[in-house]
Amino acid sequence: MVAAKARHIPVMLKEVLQYLNPQKGEIYVDATFGNGGYSAAILDKAPCKVIALDRDPNVIIRANELKNMYGERFEFRAGKFGDFADLISEKINGAVFDIGVSSMQLDDANRGFSFSKEADLDMRMSCEGMSAKDIVNSLAEKELADMIFNYGEEHKSRQIAQKIVEYRRKKKIETTTELAEIIYTVIHRKAGEIDPATRTFQALRIAVNDELGELERGLNGAANRLLKGGRLVVVDFHSLEDRIVKNFMKENGGKKVRISKYAPELAEDNSLFCEVSKAIVPIADECCNNPRARSAKLRYAVRR
């Protein structure tokens, strides 16, 4: 069966399929369903089953499309991938994570993820709970600065937090562009350089959705559901995420031994994973054709 044409391009799809290696009759989890690009490709690659997870209620229409296409081979379960262990009770042959905000969320101006489109300052992937607007209007200056520095790696976090607090004394911050303009008073925009609002918006998004905590819980949940030889494949997009993935795989990979300089490093017998990869980056052509892929890294591990 050929899947419908994807509305967004899944990052490193060829590599995900290569390292996940779907096989007939096996069960795989797409922990970050989004627009279903990975799910459809896995189902097309082999006559297997995919269980998809997503916290975003807006993906249900796309999930229903795949259900109609693939029948019992596809199942959608609503929830955060941080709750992997609760959502997935069965043993599985593999799991794939595509970490961070999806193209669908970025492209929908009403979701408030992008500073380039005026919208209510929201950023909630699950459409519930505390929003980015709540945070910027209520957090104490020091806590706000720490959040922007820790989650956005923004070196001018103190100045930005100070400007936010000064502004909100006069008026509540409501929209994405309103916050961006506050940031531009601290860091001026320059042609050809990364937008100065990027790091602060990243920090807010991570805080609103507890992305790093969700990632740690999700990795642990997935690893403990893998069967012998099961594969965990993770695609991430910035250093904070990648550090968590790298450390998780390294800590559960045990002491490494190498049979030859051409073979992958293998772990000793008492570790969770028998094989752990180094970071794999997309090829140049993909980076040209899909800008989102430029900062992507893929790592995979194989369950002992």
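Hydrogens, waters and symmetry mates play no part in the numbers below; they use all other heavy atoms, side chains included.
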Please assess Leu20 against Tyr38 for the test side-chain contact (heavy atoms from CB on, under 4.5 Å), listing each intermediate value before the final yes or no. CA-CA 11 Å; Leu20 192 64; Tyr38 288 156; over 6 Å; no
Would [X] end up clustered with [Y] when hydrophobic side chains under 4.5 Å apart are linked, directly or stepwise?
X      : Y      : result
Ile148 : Ile194 : no
Leu17  : Leu298 : yes
Met130 : Leu139 : yes
Met69  : Leu13  : yes
Leu227 : Leu87  : no

For [X] and [Y], work out which heavy atoms get closest and say how close.
X      : Y      : answer
Met12  : Val281 : CE-C, 3.5 Å
Met147 : Ala207 : SD-CB, 3.6 Å
Ala293 : Pro282 : O-CG, 3.1 Å
Ala222 : Ala95  : CB-CB, 4.2 Å
Arg62  : Asn35  : NE-O, 2.8 Å
Gly37  : Pro10  : CA-CG, 3.7 Å

Sidechain-backbone polar pair: [X] side chain, [Y] backbone, donor-acceptor under 3.5 Å:
X      : Y      : answer
Arg73  : Cys48  : yes
Asp120 : Asp122 : no
Arg225 : Ile92  : no
Asn93  : Tyr28  : no
Asn137 : Ile173 : yes
Arg299 : Met249 : no
Asn68  : Glu65  : no
Arg124 : Gly129 : yes
Asp54  : Gly34  : yes

[Y] and [X], any side-chain heavy atoms less than 4.5 Å apart:
X      : Y      : result
Phe248 : Asn220 : yes
Ile182 : Val136 : no
Glu166 : Gln162 : yes
Lys156 : Arg199 : no
Ile183 : Phe201 : yes
Ile206 : His238 : yes
Val29  : Phe84  : yes
Asn209 : Glu214 : no

Please determine whether a side-chain nitrogen of the Lys or Arg among [X] and [Y] lies less than 4.0 Å from a carboxylate oxygen of the Asp or Glu.
X      : Y      : answer
Glu174 : Lys133 : yes
Asp83  : Arg55  : no
Lys14  : Glu286 : no

Regarding Tyr184 and Asp195, is there a side-chain donor-to-acceptor distance under 3.5 Å anywhere? yes
Ser239 and Asp242: side chain donor to acceptor below 3.5 Å: no
Is it the case that the ring center of Phe33 lies less than 6.0 angstrom away from the ring center of Phe74? yes
Taking the six-membered ring for Trp, are Tyr300 and Tyr19 parallel (under 30°), tilted (30 to 60°) or perpendicular (over 60°)? parallel
Should the heavy atoms of other residues, nucleotides or ligands under 6.0 Å from [atom1] of [X] be counted, would the total exceed 12?
X      : atom1 : answer
Glu90  : CD    : yes
Lys45  : NZ    : no
Lys228 : NZ    : no

Report the distance from atom [atom1] of [X] to atom [atom2] of [Y], rounding to the nearest 0.5 Å.
X      : Y      : atom1 : atom2 : answer
Leu204 : Tyr151 : CG    : OH    : 11.5 Å
Met125 : Asn58  : CE    : CG    : 12.5 Å
Leu144 : Arg158 : CG    : CZ    : 10.0 Å
Ile99  : Leu219 : CD1   : CG    : 6.5 Å
Glu75  : Lys49  : CD    : NZ    : 4.5 Å
Gln18  : Glu15  : CD    : CD    : 7.0 Å

Does the cation-pi check pass for Arg292 over Phe237, that is, NZ or CZ under 6.0 Å from the six-membered ring centre and within 45° of its axis? yes
Does the side-chain contact (heavy atoms from CB on, under 4.5 Å) test come out yes or no for Arg217 and Asp210, once each step is laid out? CA-CA 11 Å; Arg217 292 187 291 273; Asp210 186 25; 2.8 Å; yes
Let's go through Leu179 and Ile164 carefully: what are the C-alpha distance in whole Å and the side-chain angles of both, what is the deciding distance for side-chain contact (heavy atoms from CB on, under 4.5 Å) to 0.1 Å, and is it a yes or a no? CA-CA 8 Å; Leu179 176 59; Ile164 288 172; 3.8 Å; yes
Run Ile244 and Leu240 through side-chain contact (heavy atoms from CB on, under 4.5 Å) and show every step you take. CA-CA 7 Å; Ile244 290 173; Leu240 297 177; 5.9 Å; no
